Amino acid sequence: MPAFPRLRVAHLLLMTLLYFCSVGFLMQFPRFVLRIGGTPQDVGWLLALGLIPALLLARPVAEWNHRIGGRWPALIGALVAVLSNVLMLSVEHVGLWMYALRMLYAVGHTLIFSTLFAQAAFLTDNPVQRAKVIGWLAVTTQLGNAVGSTLGEITYQASLTTFWLGGAGFALLAGLLGACWTLRPAKVDQVDRKNPEPIGARYRWPPEAWATVGIAMTFAGVTQFLPAFVDHLVASGAAAEPFAASWFITSALLIVAVVRLVGGWFGAVLLRPPVLAVCHAILLLTLLLVPAMHTRQQALLLGIGFGISYGWLYPALSSLAFNRVPAHARAKVAGWLVMAFECGFRLSPIGLGAVITFAGYRAMFFSLAIGYAAVLLIAWSVAKNSNRLAPVRA
């Protein structure tokens with residue numbers, strides 16, 4: 001087994017932790033939109049803006065990382081995120097200026113997210129080591145989200161200035177790490193020169209990407225709309241006593257981190273189809289039970305269920321997708337997986353926001369469960385009727 005690049009992995013994980021602390025702040029973004037007079041439908045459209053840069057840039061950024069390393073895309077992405085967060089202090093109502101800033105943020109996010117994910121695939125050519133790196137990256141991502149979501153809620157309650165500058169500060173720290181990043185996928189490059197990609201070869205969108213769309217939909221529904229749902233429960237008197245959405249979200253993200261850490265060591269067992277099927281079932285059941293959540297204890301239990309299921313599914317699906325292709329195709333797969341996650345995360349809030357507007361939050365969670373099940377059926381159908389990413393001539 002080749003030597004494990006510990007220092008490079010540590011650098012990648014630290015940068016990931018800091019950046020996703022910044023991302024975690026934005027779990028309060030829907031509350032901010034509602035606070036300045038927007039509607040749940042406005043939230044959906046604003047979140048969906050991120051899909052455009054993801055579709056246009058995810059794969060080129062991954063291939064850029066493959067050719068020159070991650071320094072410049074990481075640094076530029078972080079600085080763009082900082083700028084958009086700081087300028088958000090000038091927003092007083094939902095309008096063109098707010099849409100422009102969200103688009104700017106989406107560009108920065110795609111640059112840095114694609115870079116982090118691609119580098120996790122390029123750091124080592126050994127499948128076992130790569131699975132561990134992806135698992136650790138996923139752990140660090142959720143730890144950052146957990147810390148950022150908690151700090152975001154605290155700073156949001158304090159003041160909007162503290163909130164936006166806090167998120168920008170973590171992104172700036174990530175950018176400083178990006179500035180001294182010299183990671184190059186040297187081992188993969190050597191393999192590529194010996195075994196260049198055949199001219200005219202192409203690779204099919206993997207079924208794991210379809211499943212990733214589904215779990216991204218659930219993550220969007222929970223992280224973007226659950227805080228507003230809890231506010232609705234408290235305001236309407238449906239909650240037995242006031243409680244914060246962090247009882248669900250923070251507990252879920254911490255469990256996600258634990259599950260992914262354990263999964264990184266026992267991937268050979270946990271990558272089996274029956275294990276993934278159980279995770280899908282738990283996640284679906286959690287979505288169906290959220291509308292009945294009325295206490296902090298119930299929020300905590302449902303958060304644990306969500307964390308156990310979502311926690312393992314994302315790194316497991318990513319590892320399976322990378323393991324099915326040769327080294328020279330990993331840039332494409334990395335771009336596709338980022339695009340898949342962004343499609344689910346950005347598009348679903350449009351429909352979910354519309355459902356909330358016309359039918360309420362409970363109907364939204366039921367609709368999310370139905371949509372998730374439908375996407376899983378598509379993934380199963382693609383897996384059954386395809387050659388599982390085998391290269392074919394164009």
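Every value quoted in this text rests on a predicted model; they were computed, and no experiment measured them. Numbers here are sequence positions counted from 1.
In this structure Phe117 satisfies the ring-ring contact (aromatic ring centres under 6.0 Å, His included) test together with Phe322, sequence neighbours excluded. For Gln224, the side-chain hydrogen bond (donor to acceptor under 3.5 Å, both in side chains) test picks out no residue, with sequence neighbours left out. Considering only residues two or more places apart in sequence or on other chains, Trp45 meets the side chain to side chain contact (heavy atoms under 4.5 Å, CB included) condition with Gln41, Tyr99, Ile350. Scanning for side-chain hydrogen bond (donor to acceptor under 3.5 Å, both in side chains) contacts around Thr162 gives Ser159, with sequence neighbours left out. By the side-chain hydrogen bond (donor to acceptor under 3.5 Å, both in side chains) test, Thr150 pairs with Thr250, sequence neighbours left out. Taking Phe225 as the reference, nothing meets the ring-ring contact (aromatic ring centres under 6.0 Å, His included) condition, with sequence neighbours excluded. For Arg362, the side-chain hydrogen bond (donor to acceptor under 3.5 Å, both in side chains) criterion is met by His294, not counting sequence neighbours. Residues passing the salt bridge (Lys or Arg N to Asp or Glu O under 4.0 Å) test with Asp42: none are found, sequence neighbours excluded.
No chain of hydrophobic side-chain contacts below 4.5 Å, direct or via other Ile, Leu, Val, Met, Phe, Trp or Tyr residues, connects Leu301 to Met293. Following chains of ILVMFWY side-chain contacts shorter than 4.5 Å, one can reach Ile134 starting from Leu14, so the two form part of one hydrophobic cluster. A chain of hydrophobic side-chain contacts below 4.5 Å, direct or via other Ile, Leu, Val, Met, Phe, Trp or Tyr residues, connects Ile378 to Leu313. A chain of hydrophobic side-chain contacts below 4.5 Å, direct or via other Ile, Leu, Val, Met, Phe, Trp or Tyr residues, connects Ile36 to Leu26.
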* Taking it one step at a time, do Phe365 and Phe229 satisfy ring-ring contact (aromatic ring centres under 6.0 Å, His included)? -> CA-CA 10 Å; Phe365 282 106; Phe229 173 58; 5.3 Å; yes

* Please walk me through it: do Tyr372 and Ile215 pass side-chain contact (heavy atoms from CB on, under 4.5 Å)? -> CA-CA 7 Å; Tyr372 177 51; Ile215 62 172; 3.9 Å; yes

* For side-chain contact (heavy atoms from CB on, under 4.5 Å), just list the numbers for Trp136 and Val9, CA-CA rounded to whole Å, side-chain angles, deciding distance to a tenth of an Å, and then say yes or no. => CA-CA 9 Å; Trp136 293 342; Val9 171; 4.1 Å; yes

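Minimum interatomic distance between Thr16 and Leu116 (heavy atoms only, all atoms of both residues): OG1-CD2, 3.5 Å. Looking at every heavy atom in both residues, Ala74 comes nearest to Met15 through CB-CE, 3.2 Å.
Ring planes of Phe306 and Phe248: tilted class, angle from 30 to 60°. Ring pair Phe29/Phe32 is tilted by interplanar angle, where 30° to 60° counts as tilted. Below 30°, between 30° and 60°, or above 60°: for Phe163 and Phe25 the angle between ring planes is between 30° and 60°, a tilted geometry.
Taking the six-membered ring for Trp and the full ring otherwise, the centers of Phe341 and Tyr314 sit less than 6.0 Å from each other. A ring-centre distance under 6.0 Å is not found for Phe20 and Phe170.
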Result block: side-chain N/O donor-acceptor pairs under 3.5 angstrom for residues 80-95, not counting sequence neighbours:
from	atom 1	to	atom 2	distance (Å)
Ser84	OG	Val80	O	3.3
Ser84	OG	Ala81	O	2.9
Ser90	OG	Leu87	O	2.6
Ser90	OG	Trp97	NE1	2.8

Name every donor-acceptor pair, under 3.5 Å, that has one atom in a side chain of residues 54-64 and the other anywhere in the protein, sequence neighbours excluded.
from	atom 1	to	atom 2	distance (Å)
Arg59	NE	Glu63	OE2	3.2

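Under the 4.5 Å side-chain criterion, counting only non-hydrogen atoms from C-beta, Arg102 is in contact with Leu47.
Of the N and O atoms on the side chains of Tyr310 and His280, not one donor lies less than 3.5 Å from an acceptor on the other residue.
Cation-pi geometry between Arg8 and Phe122 is not satisfied (NZ or CZ under 6.0 Å from the ring centre, within 45° of the ring normal).
Side-chain contacts under 4.5 Å among hydrophobic residues (ILVMFWY), followed directly or transitively, place Ile282 together with Val278. Other members of the hydrophobic cluster containing Leu288, listed by chain and number, are Phe366; membership follows side-chain contacts under 4.5 Å among ILVMFWY residues, whether direct or relayed.
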